[in-house]
Each structure stands twice: as C-alpha cells, then as structure tokens.
Amino acid sequence: MEFKDHVCELLNTIDACQVFFDITVNFDLTKNYLDLVVTYTTLMTILSRIEERKAIIGLYNYAHEMTHGASDREYPRLGQMIVDYENPLKKLMEEFVPHGKSLSDALISLQMVYPRRNLSADQWRNAQLLSLISAPSTMLNPAQSDTMPCEYLSLDAMEKWIVFGFILCHAVLNSDAAALSLWKLALQSSTCLCLFRDEVFHIHKAAEDLFVNIRGYNKRINDIRECKEQALSHAGSMHRERRKFLRSALKELATVLADQPGLLGPKALFVFMALSFARDEIIWLLRHADNIQKKSTDDFIDKHIAELIFYMEELRAHVRKYGPVMQRYYVQYLSGFDAVVLNELVQNLSVCPEDESIIMSSFVNTMTSLSVKQVEDGEVFDFRGLRLDWFRLQAYTSVSKASLGIADHKELGKMMNTIIFHTKMVDSLVEMLVETSDLSIFCFYSRAFEKMFQQCLELPSQSRHSICFPLLCTHFMSCTHELCPEERHHIGDRSLSLCNMFLDEMAKQARNLITDICTEQCTLSDQLLPKHCAKTISQAVNKKSKKATGKKGEPEREKPGVESMRKNRLLVTNLDKLHTALSELCFSINYVPNLAVWEHTFTPREYLTSHLEIRFTKSIVGMTMYNQATQEIAKPSELLTSVRAYMTVLQSIENYVTIDITRVFNNVLLQQTQHLDSHGEPTITSLYTNWYLETLLRQVSNGHIAYFPAMKAFVNLPTENELTFNAEEYSDISEMRSLSELLGPYGMKFLSESLMWHISSQVAELKKLVVENMEVLTQMRTSFDKPEHMAALFKKLTSVDSVLKRMTIIGVILSFRSLAQEALRDVLSCHIPFLVSSVEDFKDHIPRETDMKVAMNVYELSSAAGLPCEIDPALVVALSSQKSGHCNNIHCLAKAINQIAAALFTIHKGSIEDRLKEFLALASSSLLKIGQETDKMTTRNRESVYLLLDMIVQESPFLTMDLLESCFPYVLLRNAYHAVYKQSISANA
C-alpha cells in the first residue's frame with residue numbers, strides 16, 4: 001500500500017515538473033522512470049493472480065488485531081485496492097490517463113534504439129555486427145557510439161516498456177505513427193513477456209481483451225491479431241536465426257580476445273553488446289518454449305543452445321581475468337580524453353548555474369586525477385558517487401523550468417553517458433557482467449534447464465560445451481534479494497544440487513565412454529592371447545601338408561591388427577567415434593579446475609576420478625567372470641591381460657584431462673589386494689583365494705588332481721567324472737606369476753594366511769589323534785631299538801590312515817603355497833630387484849645364534865618377498881626336487897613333516913634339529929624292521945616309503961645325508977630307486 005502511494009506521488013510530481021525524457025540523452029532518468037512504471041504494473045498484475053488474496057489480507061488483519069488490540073488502519077484501503085484491481089490493467093489504464101504525456105514521450109524516445117536492436121540475423125550479418133576482424137585497420141580504434149548504454153540495453157526490458165507502456169497510454173497509438181510502429185514491432189517479436197521469474201504475461205490476449213471494450217479500437221484489435229499471427233509464424237524462426245548468428249559471432253569474438261586480450265580495452269563495448277544480445281535470445285527461448293501455441297516446435301528446440309551459453313561464459317571469463325587490462329585502458333581514456341572533452345563542453349555552455357557548474361567541475365577533476373599508477377598499485381576505484389551526481393544532474397536539468405535544460409544540450413548528455421560507461425569499465429565490471437549476461441532465471445526453469453543439459457550430452461558435437469550448465473549455477477545467487485533473505489538458502493541449495501547433478505552426469509557419461517573403449521581394447525587384446533593362435537597354426541599346417549581344410553568355403557579368420565588398416569580416410573570405426581566423443585566431453589570436464597557455487601567449491605575432475613575408481617573396481621572383479629554356481633573363473637593370465645589393456649586406456653585419459661590416473665590405480669589395485677574393498681565388496685584376492693582353496697585344492701584332496709614337482713603344476717588325473725577345468729592351466733608357473741602380479745604381496749599374503757588356516761585345522765585334528773595315541777607313542781619313542789616291541793606297539797596305534805591322509809593334505813597345501821611364493825619372488829625380482837636382493841642377503845646372513853624373535857622378523861620380511869625360509873611355517877621352501885609325482889600325492893608328505901615339525905617345535909621352544917634327529921632314528925628303525933618282514937601286506941610299497949624318507953631328509957634344512965646314512969644304509973635307497981623305476985616302466989607299458 002505504501003509502495004503504491006509513493007509511486008502515485010512520484011508520478012504526479014514528474015507530471016507537475018513536466019520532466020523531459022529521452023533514453024538517448026538522460027538515459028538513467030528515463031530508464032528508471034520506465035522501470036518504475038513496469039514494476040508497478042507487474043506488481044499489480046501479480047497481485048491479481050493470487051487466488052486467496054482476500055483470505056490472506058483478512059488473516060493478516062485478524063493477526064494484527066490479536067497482536068495490537070486493533071485492526072490495521074490501512075486495512076480498509078488495502079481491501080478496497082484488492083477489489084479495485086481485480087482487473088489490474090483496466091484499472092491502471094484509467095489511473096495513467098494523467099501520466100500519458102510523460103510516459104508516451106519516454107516510450108517514443110525508444111524509436112532510435114529499439115528498432116535498431118530488433119533486427120534480423122541477415123541484417124546483423126550484412127553489417128558484420130560484433131566482428132573485430134571485419135575491418136583490420138580499425139581494430140585498435142575504440143568502439144564509439146552516441147548511445148553507449150543503449151547498445152547493451154536488454155531487448156526484453158525494452159519490449160516490456162513498450163507493451164505495458166502503450167497499454168497504459170493507449171490513446172497515443174491512434175495519434176502517433178512512431179508509437180504505433182514501436183507497438184507493432186514489439187507485438188510481432190514475442191507472444192509473452194516475463195512478469196517475474198517464471199511468471200509470464202500473454203501479450204496479445206490481454207491487449208485484445210482490454211481494447212475490445214473501447215469504442216473505435218477495432219483497428220487496433222485487428223493490428224493485435226495480425227501481429228499475433230506474425231509472431232506465431234515468424235518470431236520463432238527469426239530468433240532461431242539470431243541464435244545461429246550469435247554462436248558464430250561470439251565464437252569469433254572469444255577466440256580473438258583469447259589471443260589478443262589487449263583488445264578488451266578498445267572493444268569492451270562489443271563484449272557487453274554480445275553478452276546482452278545472447279542473453280536476450282536465450283531468455284526469449286526459455287520463456288517461449290513452454291508458453292506458446294507450438295505451430296513449429298523445431299524453432300523452440302535448440303540443441304545448440306549450450307554452445308551459445310559456453311561462449312558467453314568464455315567472454316565473461318576473459319573480462320574477469322583481464323580486468324586490470326581494461327582498467328588501465330579506461331583510466332587513461334578518462335583522464336586523457338573524456339576529461340578534456342567534457343571540460344570543453346562545460347566551457348562552451350552559454351548558461352551554467354552555480355550548482356550544476358560545481359557538479360560538472362567535480363566530474364572533470366575526478367577524471368583528471370586518475371593515473372595508471374593507481375591500477376598498478378592495486379588501488380580500489382569507486383565511481384558510484386560520480387554516477388549518482390550525474391543522475392541527480394539529469395533530474396535537475398530535465399524539468400521544464402531548469403536554467404540549464406538538457407533537452408537543449410543533448411551532446412552533454414550523450415558525452416556523460418559515454419563517461420559513465422567508461423567509469424563502469426574501471427570499478428564495476430562484475431556488476432556489468434551481471435547486468436548484461438545474468439542467466440539466473442534458469443533457477444526457475446529447472447525442467448527446461450535439465451532437458452537442455454541432456455540434449456547437450458546426447459549430441460557429441462555439443463558435449464564439449466556441457467560445462468556451461470554447471471557454470472550457470474554460479475549465477476543463481478544473483479537473483480536473491482536482501483529484502484527476502486529466507487529465499488537465499490532455498491536458491492543456494494538448488495544451485496548446489498543442480499551443479500552436483502550436472503557434474504556427476506558429465507563424469508558418468510565420460511566414464512561410460514571410457515568403459516566402452518576399454519571393452520573394445522580388451523577384445524582386441526584378447527585376440528592376441530596364445531589360445532587363439534591354435535586355429536591359425538592348424539590352418540598353416542594343413543595348408544603345408546595340403547590336407548583338406550574341413551568345411552568348404554569356410555571364411556579365413558581375420559588376424560589381429562586388421563582393424564588398423566584403413567583403405568579410406570573417411571572410414572570411421574566405432575572406436576574412432578568413442579574417442580572423438582570422449583575428447584569432446586573431456587575438454588568440458590577439463591575446462592575449469594574448479595568453480596565456486598554459493599560458498600562451495602566444485603572440482604569437475606574429481607567427479608571423473610571418483611567414477612573411474614568405482615568403475616575400474618567393478619570392471620576388475622567383473623573380468624574374473626567368477627560363477628559361484630559352476631565354480632568357473634578366468635585364468636589369471638587372461639585377467640592380467642585384460643587389466644593391462646584397461647589400464648592402458650585409462651592412462652591415455654591423462655592426454656584429455658589433467659587428472660592423476662596413477663592415484664586411481666593405487667587406490668583401486670591396492671584395495672584389490674585386500675579381502676574386501678572400501679565398499680565391503682569381494683575383491684579378486686578373495687575370489688581367487690576361495691577358488692583355489694575350495695575348488696582346485698579340494699579336487700586334489702578328492703584324488704582328481706595330482707601335484708607334479710617336475711612340472712611345477714597340478715595336473716588333472718583321468719577319472720570317470722571329468723572336471724570342468726584344467727588344473728594345469730590355473731597352477732603352472734606362468735599362471736601363478738600372473739596371479740602374483742594381480743594380487744601383489746598383500747594379496748599373496750592373504751592367500752598364504754588362508755592356506756595356513758586350512759593347515760591349522762588339519763594340525764588340530766592331528767593333535768587329537770596324537771592325544772588319542774599318546775601312551776603308545778611315548779612307549780615307541782623309548783623302544784625304537786627293540787624291533788619286536790615296536791611291531792607290537794605299532795599294532796596298537798589307531799587312525800593311522802587318517803594321520804597319513806591329513807599329512808598328505810597339509811603337504812599338498814604347502815606345495816601349492818611354494819608355487820605361489822616362488823611366483824611372487826620371480827615377479828618382485830623383476831619389479832624391485834635391488835630391494836629383493838637386499839632382503840635375500842639379509843636373510844642368508846642371519847647368525848644361527850640370533851634370538852628367535854629377531855630371526856622370525858627377518859623370516860617374515862623374507863616371506864613377504866617370496867623368499868624361502870627355514871622355520872616360518874607360513875612360508876615354505878621352494879621345491880628343488882626333480883622327481884616325478886605320485887597320483888596319491890604321498891610325495892607331499894616330506895614337505896608337510898618338515899614344515900609342521902619346524903612350526904610346532906618353534907612354538908614350543910624345542911630344538912628343531914634334535915627333535916628331527918630323533919624322528920629320523922625312529923623312522924629308520926621302523927623302516928629297517930619292515931625290511932625283515934615277510935608279510936606281503938606289511939611290505940606293500942616298502943620301496944616308496946624308503947624314498948619318502950630320503951625326500952624328508954632332502955627337504956629338511958636341519959637333516960643331512962650323512963646323518964641318514966649313519967642310521968639307514970644307502971644301498972637300500974639305491975635298490976628302492978631301481979625298484980620304483982622298474983615298477984613305473986611296467987605300469988606305463
């Protein structure tokens with residue numbers, strides 16, 4: 001209510017003073033007057049659209065009465081105003097009858113500005129608008145205009161002035177051709193105007209409804225209908241062509257200024273004109289896309305809008321970056337040229353009252369005192385006082401009875417408008433950017449905003465401009481107002497959520513493209529695996545021997561690498577398209593290192609890094625192709641090949657984006673060496689550990705697979721039920737090395753710990769059997785030199801077969817672990833040879849008398865490097881035996897006995913060497929007793945058991961052959977080797 005009263009009072013004062021309005025002369029006064037009228041009209045229109053307005057003011061009055069004990073004294077007037085403004089424009093038309101002269105004069109002054117701004121794209125193109133290189137000879141000349149501030153004045157604002165203004169003073173349309181021309185031009189350009197944010201005003205319907213009840217306005221009504229048809233049929237295409245022109249014009253402008261930023265000085269006007277023109281076209285499209293009877297929808301769907309916004313952001317970035325360059329230029333311009341010209345104009349004034357003279361002199365003095373040194377010293381400039389003085393001077397000189405009338409000295413007004421623009425180039429660049437290129441209105445068109453973003457990502461040629469959408473989120477806070485502080489948090493949260501969503505989607509899109517490229521590269525890499533060369537070799541052999549090739553007309557298999565042979569430069573493969581799309585999108589992600597949105601900083605590259613880490617982790621686990629139901633898993637060598645191909649692609653990303661891909665590798669691959677990753681998901685370490693323990697080694701225990709030391713691999717045995725996998729393809733030295741590469745020392749340690757857990761469970765069962773036979777074993781220990789007594793005691797032992805079976809299982813596990821440790825040592829020797837040699841040297845030279853705890857620390861270090869150790873049960877000795885294996889894996893007993901003995905005697909702090917000597921004495925005595933037996937069952941496999949004793953001594957670091965010969969004749973070993981050899985020959989025959 002108070003606002004309405006103040007507006008009415010001010011309008012009456014303006015009419016009483018007969019103020020002169022001309023947008024080209026007293027720009028600030030005229031602009032603010034027209035803004036006041038439009039703001040007042042808009043407010044009343046929006047008020048009439050509130051459905052529950054009567055209830056709201058009633059509740060307000062009731063609350064006021066409860067609080068203060070009496071109703072608001074303005075309540076009757078407020079209620080009457082609500083009733084009067086049910087049809088706001090009709091009421092305002094009546095209200096503005098006395099203000100028609102001032103308003104129409106201000107509006108008609110736009111005839112020199114609005115038609116010049118509202119030109120077609122062809123006219124812009126013919127005039128080479130905004131081009132710096134069209135006239136090279138004048139490139140360094142400052143951009144000049146008699147109407148400087150009008151050049152970047154918002155077209156949207158002018159159209160609101162014209163439409164609302166001439167509705168309020170409609171009588172002038174019948175009497176002034178210039179007014180009618182402006183009115184028609186505005187009606188032909190748009191079908192709706194912005195009232196406030198996303199609230200729109202449909203021009204033609206509202207104007208027609210108002211004029212239809214006025215006598216003699218049939219011609220005006222016909223004009224409105226014609227203009228509506230014109231707007232519906234041609235406005236869309238006209239604005240589409242403008243956007244097309246502006247895309248190329250802004251691209252040229254941004255490119256030239258990036259190369260020669262010094263041109264921002266003389267050509268600053270071009271920059272702000274370009275920003276204003278582009279902003280107007282973007283807002284027009286945004287407003288009309290959802291508020292028009294779509295006869296031709298193509299004109300309102302612009303898939304290249306991101307490119308225009310991107311070049312706007314690029315120009316804004318140039319202005320912010322090279323602000324000091326512009327300051328230097330315009331400080332010199334103001335002091336060296338503007339001050340001189342203004343001084344001359346003031347001197348030539350025929351009449352200049354004292355007050356006006358003082359103000360003008362202060363202008364000259366302020367500009368004359370400027371120097372470049374102030375810019376170099378980083379001094380903060382503030383010309384707000386000068387601009388406010390000029391605003392006051394416009395008011396003084398625009399009234400009808402002014403001694404110094406600005407209407408008679410238009411050159412002074414135009415010169416001062418130019419000076420005001422120059423001062424803004426020194427101290428108000430940020431405000432100028434907001435004035436000419438603020439797109440915070442997108443905050444209120446979230447659906448259209450997101451749709452534009454999706455269209456941008458879907459079009460590969462536009463994806464390089466997608467960063468403009470997160471950058472637009474930095475504009476949102478400029479639409480907040482200090483009179484509504486509670487809205488600040490809501491708008492801030494919206495800007496954060498949208499910015500986060502855009503960056504996340506961009507990173508996802510890049511991640512998907514990278515994944516597709518990785519898939520293609522993995523496929524190409526897979527073609528180079530040895531398993532694929534069998535068919536090629538077979539074809540070559542058949543061709544050489546001139547054998548039939550099988551199926552007739554079978555196409556010859558393409559060799560790897562044929563995809564790189566191009567017969568035509570125009571041939572584009574799927575991989576080429578993916579790389580092109582990725583490079584475009586990565587340009588956008590890499591465009592800015594970070595951006596600040598509502599006191600938060602976003603780093604686009606970190607979004608990509610985090611998505612790559614997540615996808616790389618899932619891809620590695622996925623490439624294992626582990627099937628829990630069928631217990632199938634990829635061979636380690638094949639997985640390693642795929643991972644390397646994947647990593648090669650990821651490393652190439654550094655060519656597109658400044659990210660540390662090594663950090664991604666470290667984070668992901670280190671997590672894969674643990675049992676679970678950071679998200680609690682299983683890793684390749686856990687998958688392969690489970691598979692080797694639960695699938696391969698379990699089949700060994702079941703007798704389907706045997707370990708062959710000579711081959712250093714586990715091999716399938718012929719059985720009735722064939723296994724679904726070939727054990728040798730998962731356990732030979734090349735596969736174990738690949739496994740070590742994938743799991744690394746940490747993963748191999750986890751594998752060893754899992755193996756040791758299984759051994760510990762077997763040892764626990766063995767302990768139960770020992771306790772069960774404790775009395776007999778104690779007697780046997782003291783009776784090993786009494787053969788008859790030993791034989792009797794042996795028969796008292798229970799679960800002998802179970803002991804043998806469990807010791808065999810332990811031996812199998814330790815044999816597998818020795819393969820793994822040997823592979824780990826080979827891998828580490830390639831990667832860190834100097835470190836491995838240092839650890840090995842340290843281990844080999846540890847003194848025998850060293851404290852066991854210290855020795856165990858050394859062994860732990862050595863085992864982590866895959867080196868064989870003497871004592872530590874968790875690290876086994878690499879096999880050096882060259883003997884063949886046995887199908888029942890009984891040869892693994894030697895390793896089990898040595899490792900278990902070393903472990904137990906270390907734990908119980910006994911002498912390992914003494915205990916093993918005692919074991920040798922007991923074993924040799926028992927075996928010599930077997931040699932004297934005649935029972936066939938007792939002497940069955942006697943020679944093989946002799947060889948087992950020899951293997952135990954050879955495996956042990958504590959027993960020697962001399963010690964064995966002292967208690968067991970070597971001639972028996974020689975005969976045993978001969979007998980076993982003959983037996984194997986006959987079996988093979």
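Using a 4.0 Å cut-off between charged nitrogen and carboxylate oxygen, E606 and R663 count as a salt-bridge pair. Remark: E487 does not engage R494 in a salt bridge, criterion side-chain N to carboxylate O under 4.0 Å. Using a cutoff of 4.0 Å between basic side-chain nitrogens and carboxylate oxygens, D302 and R247 are scored as salt-bridged. Comment: D156 engages R287 in a salt bridge, judged by a side-chain N to carboxylate O separation of less than 4.0 angstrom.
A pairwise comparison of heavy atoms in A274 and L250 identifies CB-CD1, 3.7 Å as the closest pair.
S588 and S466 share a side-chain donor-acceptor pair at under 3.5 Å. Side-chain contact check for Q671 and S678: at least one donor-acceptor pair (N or O, by modelled atom type) lies under 3.5 Å. Side chains of T573 and D576: a donor-acceptor N/O pair is present below 3.5 angstrom, by distance only. Side-chain atoms of E241 and S120 include no donor-acceptor pair closer than 3.5 Å. In this model, no donor atom of one side chain and acceptor atom of the other lie less than 3.5 Å apart for T617 and D677. Using a 3.5 Å distance cut-off with no hydrogens or angles, the side chains of E313 and H475 do pair a donor with an acceptor. There is a side-chain donor-acceptor pair under 3.5 Å between E281 and H239.
In this structure, R464 and Y591 have side chains that are not in contact, with every pair of non-hydrogen atoms separated by 4.5 Å or more. Counting heavy atoms from C-beta on, the side chains of K508 and R511 come closer than 4.5 Å. In this structure, L669 and M647 have side chains that are in contact, with non-hydrogen atoms separated by less than 4.5 Å. Residues L582 and I653 form a side-chain contact, since some pair of their non-hydrogen atoms from C-beta on lies under 4.5 Å apart. Between D280 and S154, the closest side-chain pair of non-hydrogen atoms falls below 4.5 Å.
F502 has its ring centre no less than 6.0 Å from the ring centre of Y607. For an aromatic pair to be called close, the ring centres must be under 6.0 Å apart, and Y114 with W161 fails this.
Taking the six-membered ring for Trp and thresholds of 30 and 60 degrees, Y152 and F272 have ring planes inclined between 30 and 60 degrees apart. Ring orientation note: the planes of Y646 and F616 are close to parallel, at an angle under 30° on the 30°/60° scale. Between Y322 and H318, the ring planes are tilted. Angles from 30° to 60° get that label.
The CZ atom of R243 sits 8.5 Å away from the CG atom of L308 when rounded to the nearest 0.5 Å.
Figure legend: R125 and F245 shown without cation-pi pairing, the cationic atom not lying both under 6.0 angstrom from the six-membered ring centre and within 45 degrees of its axis.
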Q521 and T648: side-chain hydrogen bond (donor to acceptor under 3.5 Å, both in side chains), yes or no, with the steps? CA-CA 9 Å; Q521 290 293 352; T648 301; over 6 Å; no

